[in-house]
> 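I am attaching a structure below and will ask some questions about it afterwards.
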Amino acid sequence: MKLRKLAIVAVGASMTLALAACSGSPSSSPSTSANTDNTGALIGISMPTTTLERWNNDGAHLVDQLKGMGYNTDLEFADNKPDEQISQIQNMINNNAKVLVIAAIDGTVLGPVLQTAADAGIKVIAYDRLINGTPNVDYYATFDNYKVGTLQGQFIETQLGLKDGKGPFNLEPFAGSPDDNNAKFFFAGAWDVLLPYIQKGQLVVPSGKSPANDDAWQSIGIQTWATATAQSEMQNRLNSFYSGGQKVDVVLSPNDSLALGIEQALQGAGYTVGTDWPIITGQDGDLANVKNMLAGMQSMTVWKDTRQLGDEVSKMVDQILTGKTVDTNDTTTYNNGVKTVPSYLLTPQVVTKDTVEQYLVGSGFYTKTQLGMS
Ligand code: BGC
């Protein structure tokens with residue numbers, strides 16, 4: 001009886017595969033774990049840390065969505081420690097999770113634990129950050145990371161009139177955590193816009209912390225995206241390279257946690273809004289940064305509506321567990337060194353002081369009261 005059931009499952013699965021192959025849809029790939037009633041199945045959600053605002057929002061939204069679909073969830077945060085993340089994932093495997101949703105701390109160290117997951121038939125979705133060097137990552141969902149950097153670079157280009165030949169301006173660039181696969185995409189997107197202006201002399205980097213090309217980004221990376229590290233790095237640059245009276249005109253910050261530290265350093269060094277405060281980029285739309293934008297201390301943030309990402313990933317989980325075709329819209333960009341992972345890319349949005357109300361309040365991401373706007 002059991003064998004017969006297995007045989008039917010196998011025939012069903014191969015029919016699904018055959019049908020999917022016939023449909024010729026390039027934007028989706030078939031799921032293999034079908035034909036079982038997975039109602040109430042456990043979904044393991046592994047997030048990097050509670051210290052960055054976004055991951056709390058991401059985790060909470062995923063739990064809401066998945067519970068609403070009838071699944072059980074185990075949400076864990078790993079305090080930005082790769083070993084802790086590995087043991088949390090191992091526990092999820094031991095507890096018979098059916099799907100793992102993982103925002104990796106270090107995208108290169110999860111291979112062995114994900115092999116254990118694969119051996120147990122568990123599907124893995126890389127959430128926001130790609131997991132590298134393993135065949136055992138089934139899908140990836142993220143915002144277009146290169147585009148995030150492009151938007152930051154283009155914002156600087158427009159604000160400074162670089163296309164019109166203006167300059168020279170003093171730029172201080174920063175990059176994200178060296179172990180985060182996203183950080184290199186953010187940097188490359190921005191640097192591909194900005195580097196030509198450095199080469200032409202319209203942008204100058206007084207600290208010399210100017211990677212020669214996209215691949216050298218880790219030399220200016222801030223480990224674990226820590227605000228305090230970004231602050232002390234900016235203080236060092238200000239003390240060492242700006243003591244003769246020259247001013248920073250623009251800071252490329254890849255995200256809001258770094259921008260916050262950089263803003264604190266500038267404040268400490270006596271920069272004031274309305275007189276010599278530089279252009280500063282960011283990403284995420286964290287509450288403190290949006291307040292800083294309203295106060296003129298941050299010029300923009302690249303907002304990634306984490307609710308959209310959670311919705312997309314919950315849909316992926318459900319499609320996997322109900323044997324449906326999993327929606328993806330990019331099957332070429334994200335190669336993890338072993339395979340190109342079928343991905344779903346969402347579109348990030350630039351938000352400035354002038355559009356906070358339109359995008360962040362209008363979408364219900366924040367209330368006016370939270371932002372001190374009413
Ligand atoms: C995420 C960013 C976030 C950063 C720090 C990146 O992988 O894509 O949204 O700001 O990690 O947590």
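Computed from a predicted model, the values in this text were never measured in an experiment. Each ligand, and each atom within it, is numbered from 1 in the order the structure gives.
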> Identify the protein heavy atom lying closest to atom 11 (O) of ligand 1, giving its residue, its atom name and the separation to 0.1 Å.
R129 NH2, 2.8 Å
> With heavy atoms of K304 as the reference, note each atom of ligand 1 found under 4.0 Å away.
1 (C), 2 (C), 8 (O), 9 (O)
> Among all protein heavy atoms, pick out the one at the shortest distance from atom 6 (C) of ligand 1; state its residue, atom name and that distance to 0.1 Å.
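Closest protein heavy atom to atom 6 (C) of ligand 1: D180 OD2, 3.2 Å.
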> Examine the proximity of ligand 1 to F186 and report which part, side chain or backbone, both or neither, has a heavy atom under 4.0 Å away.
side chain
> Cation over ring, K247 on Y271, under 6.0 Å and within 45°?
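Here K247 passes the 6.0 Å and 45° test against Y271.
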> Once the angle between the rings of W225 and F186 is folded into 0 to 90°, is it parallel (under 30°), tilted (30 to 60°) or perpendicular (over 60°)?
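Correct class here is perpendicular.
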> D256 and Q298: side-chain donor and acceptor closer than 3.5 Å?
yes
> State, without any angle test, whether Q202 and K166 hold a side-chain donor-acceptor pair at a distance under 3.5 Å.
no
> Among protein heavy atoms, which sits nearest to atom 8 (O) of ligand 1, and what does the distance come to when rounded to 0.1 Å?
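Result: D128 OD2, 2.6 Å.
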> To the nearest 0.1 Å, how far is atom 3 (C) of ligand 1 from its closest protein heavy atom, and which atom is that?
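Going by distance alone, atom 3 (C) of ligand 1 is nearest to D284 OD2, 3.4 Å.
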> List every atom of ligand 1 that sits less than 4.0 Å from any heavy atom of N255, numbering the atoms from 1 in the order shown and giving each element.
3 (C), 4 (C), 5 (C), 10 (O)
> Is it the case that R129 places NZ or CZ above or below the six-membered ring of Y140, under 6.0 angstrom from the centre and within 45 degrees of the axis?
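Relative to the ring axis of Y140, which defines the angle, R129 lies outside at least one limit.
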> Are side-chain heavy atoms of M297 and Q267 found at a separation under 4.5 Å?
yes
> Heavy-atom distances under 4.0 Å decide this one: backbone, side chain, both or neither, for W55 against ligand 1?
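Under 4.0 Å from ligand 1, W55 contributes side-chain atoms alone.
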> Could you tell me which atoms of ligand 1, counted from 1 in the order shown, lie closer than 4.0 angstrom to a heavy atom of L52?
5 (C), 12 (O)
> Any idea which protein heavy atom is nearest atom 4 (C) of ligand 1, and the distance to it?
W225 CE2, 3.5 Å
> Check the side chains of D192 and Y146 for a donor-acceptor pair under 3.5 angstrom, ignoring hydrogens and angles.
yes
